[in-house]
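Since this is a predicted model, take the numbers as computed values, not measurements.
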Amino acid sequence: MTHKTSGKLKIKKGDSVKVLSGKDKGKTGKVLRVYPTLGKVVVENVGVHTKFEKSRRPGTPGQRIQASSPISVSKIMLIDSHSGKPTRVGFKTLDNGTKQRIAKVSGKAV
């Protein structure tokens, strides 16, 4: 069963994250894809499963495909680029009215 969320996530594509729980606990990787309405992300080398594909033509062998499955945003934490530690994400409104993501550990922009 998939639950829909508000569609706003603090994790963006290209962020470095650390996995907090599950079979890949402790692994770090880059976010490859984000599904905001599902509240899930795809992280490189995390949640990898093997998919077997039949051959389409006779005489050719089938294939083994490695694919990453999405994991919940609640199971990952952003890695601060300044300190290198996992951190929570906050927001700060700048003077010109734009919002900027702030790492709670260092207090600097992400």
Practice task
Indicate yes or no: at least one non-hydrogen side-chain atom of Phe91 is less than 4.5 angstrom from one of Arg101.
Solution key: yes

Handout entry: Residue pair Tyr35 / Val42, side-chain heavy-atom distance below 4.5 Å
Key = yes

Problem - Heavy-atom donor-acceptor pair, Ser106 side chain to Ser83 backbone, under 3.5 Å - result: no

Problem - Backbone of Lys75 reached by a side-chain donor or acceptor of Ser21 within 3.5 Å - result: no

Problem - Option from Ile79, Thr87, Leu78 for which side-chain contact (heavy atoms from CB on, under 4.5 Å) with Val110 holds - result: Leu78

Which distance, rounded to the nearest 0.5 Å, do you find between the [atom1] of [X] and the [atom2] of [Y]?
X: Ile76; Y: Ile11; atom1: CD1; atom2: CD1; value: 4.5 Å
X: Leu94; Y: Lys99; atom1: CG; atom2: NZ; value: 11.5 Å
X: His49; Y: Gln66; atom1: NE2; atom2: CD; value: 9.0 Å
X: Lys30; Y: Asp15; atom1: NZ; atom2: CG; value: 9.5 Å

Problem - Heavy-atom pair with the smallest gap, counting every atom of Lys18 and Pro86 - result: CD-CG, 3.7 Å

Handout entry: Neighbour count above 12 (heavy atom, 6.0 Å) for Asp95 CG
Key = no

Handout entry: NZ (Lys85) with more than 12 external heavy atoms under 6.0 Å
Key = no

